[in-house]
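One-based numbering, in listed order, for ligands and for the atoms of each. If you're wondering where the values come from, they're calculated on a predicted model, not measured in any experiment.
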Amino acid sequence: MLEPAELVLASQEYLFPAVFHYYREPLIISRAKDQFVYDAEGRPYLDFFGGILTISVGHCNTKVNAAVHRQLDTLQHVSTVFVTQPQAALAKKIASLTPGGALTKSFFTNSGTEANETGILAARCYTGSSEIIALRHSYHGRSAMAMALTGQAAWRMGGAIQPGIVHAHNAYCYRCPFGLTYPSCDIRCARDVEDVIRTATSGRIAGFIAEPIQGVGGFITPPKEYFSIVAEIIRNAGGIFISDEVQTAWGRTGNKWFGIEHYGVTPDVITSAKGLGNGLPIGVTVAKPEVADGMRGLSISTFGGNPITTTAAKAVLDLIEEENLLANAAETGAYLRGKLEELRDKHAVIGDVRGMGLMQALELVEDRETKAPAPRATAELMEAARRHGILIGKGGTYGNCIRISPPLNISKADVDEFARLLDQSLTAL
Ligand SMILES: Cc1ncc(COP(=O)(O)O)c(C=O)c1O
């Protein structure tokens, strides 16, 4: 076992520098249970980031882990060239949860990046076109193609060269790319997608990929009309709609299984990962059957559909249902939102509060009039929050957003404690 100081040094010496850490002094996490993580000295932190929106039902959840332990000693791996109970059971369960039950066929992988690779491949195979519309300020993963889909320079290392991907403006109401105000804007950003197709593509596209709420972008939440307008434009140009729900799925946004359901649109493909496995690596691309069937030919993911990860995911979904966590995400999410709005009224550095359910963000600004981004204050708030014993996430193209995403089974008492400590952290800036 390495001592704490050696651990940090070893990480710096033996990991790629691209594996960056939060905080001036890296935080070493030794163990976790439910809503708490513990550092190397045993100090607890109330975790309101959940390993980047991945801990959906609490750290080391007792029920999920019991199912995983049983499966670990029963069948660990055979690959997808054989039929297994866990993969089939999870695929059937997911099909029953998709909007209108319309997306019924799953392809399992190990990450959100791979889920998106599969979604884009399916769009291209199904439509016979190759061009894709993505959005500015988006994040879709770390493979060469996923970086090219991504709309933030910081996450497009190496140049991200991929012909056939163009970026439309996003629905960033706090910083409207057209300088307009909702609702008098008539959702200009959505209508502009038609112009993007007309001017930056061949006119026949494979699809459109978007996050219902842009996660890494700082929980940028489009107005309710946005996706239905865009979906119609996309379909008129022959494309399909891929909803990247790596962050927004499995109840995170409250009352619904998928973020896109708040917009009354049924996508053709949903991609997801993160919260599905509560920390075990699983990605899924779930599609309408005709789209899935369009992917003719062979494709394999050695670990995709692995018995351990699919067992964990099925246990997570069952638990979300049994404990009615979709409702808790809505109710406790609204409670959290109220607390954050109170903090906005008290601290001038908070320019915007946004999100849905238990996916809420603060955008920090130097000045509420100019809306100049405040990345330094954001970094300082991260440090202060750590000192006060709470974990929050950073995000935003300008490095000035705080992301808040506790487990879906968080209580109002935990939210009270979190808000109290966040208030103290803001006061300490
Ligand atoms: C919306 C979205 N899509 C895709 C990804 C990539 O997922 P992964 O890191 O599991 O490859 C992420 C990761 O943060 C994400 O937030």
Side-chain angles (χ1 to χ4, degrees), residues 16 18-20 22 49-56 107-123 132-152 154-157 160 162 165 167 170-172 207-222 227 241-250 252-253 258-260 263 267 269-286 301 303-304 306 309 312-313 316 355-361 392-397 399 401 403-405:
F16 276 35
V19 184
F20 70 100
Y22 272 171
F49 195 35
I52 320 182
L53 296 90
T54 297
I55 299 302
S56 46
F107 190 99
F108 293 108
T109 51
N110 311 292
S111 65
T113 297
E114 290 171 88
N116 284 336
E117 288 279 347
T118 312
I120 298 293
L121 178 63
I132 300 288
I133 313 288
L135 292 179
R136 299 187 190 186
H137 300 272
S138 64
Y139 182 86
H140 296 292
R142 59 158 299 278
S143 66
M145 192 197 58
M147 282 194 296
L149 293 172
T150 293
Q152 297 179 56
W155 300 107
R156 288 169 59 95
M157 181 169 40
Q162 277 265 343
I165 297 174
H167 289 82
N170 65 338
Y172 197 166
F208 166 74
I209 184 165
E211 305 152 82
I213 297 176
Q214 291 183 315
V216 177
F219 295 179
I220 300 169
T221 309
F227 283 110
F241 177 14
I242 303 169
S243 186
D244 177 344
E245 305 245 6
V246 170
Q247 299 205 8
T248 50
W250 321 117
R252 171 63 55 191
T253 57
F258 298 96
I260 197 64
Y263 292 90
V269 174
I270 290 176
T271 59
S272 194
K274 289 196 190 286
L276 178 58
N278 201 45
L280 272 84
I282 182 165
V284 65
T285 307
V286 56
S301 165
F303 296 120
N306 173 276
T309 55
V316 167
M356 282 187 198
L358 285 168
M359 184 171 182
Q360 299 288 337
I392 49 181
K394 202 151 89 83
T397 305
C401 295
R403 294 190 284 165
I404 300 166
S405 53

| note | Distance col, row M147:CE vs R142:CZ, nearest 0.5 angstrom, shows 7.0 Å

| message | What's the separation between atom OG1 in T248 and atom CD1 in I213, rounded to the nearest 0.5 Å? | response | 6.5 Å

Which of the numbered atoms in ligand 1 are below 4.0 angstrom from a heavy atom of [X]?
X: T113; result: 6 (C), 7 (O), 8 (P), 11 (O)
X: Q247; result: 14 (O), 16 (O)
X: N116; result: 3 (N), 4 (C)
X: S111; result: 10 (O), 11 (O)
X: E211; result: 1 (C)
X: K274; result: 13 (C), 14 (O), 16 (O)

| request: Given side-chain contact (heavy atoms from CB on, under 4.5 Å), test V316 with W250 step by step and report yes or no. | output: CA-CA 9 Å; V316 167; W250 321 117; 5.9 Å; no

| task | Tell me, with the steps shown, if L53 and F219 meet side-chain contact (heavy atoms from CB on, under 4.5 Å). | result | CA-CA 12 Å; L53 296 90; F219 295 179; 4.0 Å; yes

| request: Compare all side-chain heavy atoms of P222 with those of Y263 and state whether any distance is below 4.5 angstrom. | output: yes

| Close side-chain approach of E211 and H140, heavy atoms under 4.5 Å |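 In contact.
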
| Is G112 in polar range of ligand 1, meaning some N or O pair under 3.5 Å apart? |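 Yes, since at least one N or O of G112 sits under 3.5 Å from an N or O of ligand 1.
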
| query | Does E114, backbone or side chain, put an N or O under 3.5 Å from an N or O of ligand 1? | reply | no

| request: Could you name the option among E117, Q214, H140 that has the heavy atom nearest to atom 4 (C) of ligand 1? | output: H140

| task | I would like to know whether T271 and T118 meet side-chain contact (heavy atoms from CB on, under 4.5 Å); could you show each step before the answer? | result | CA-CA 8 Å; T271 59; T118 312; over 6 Å; no

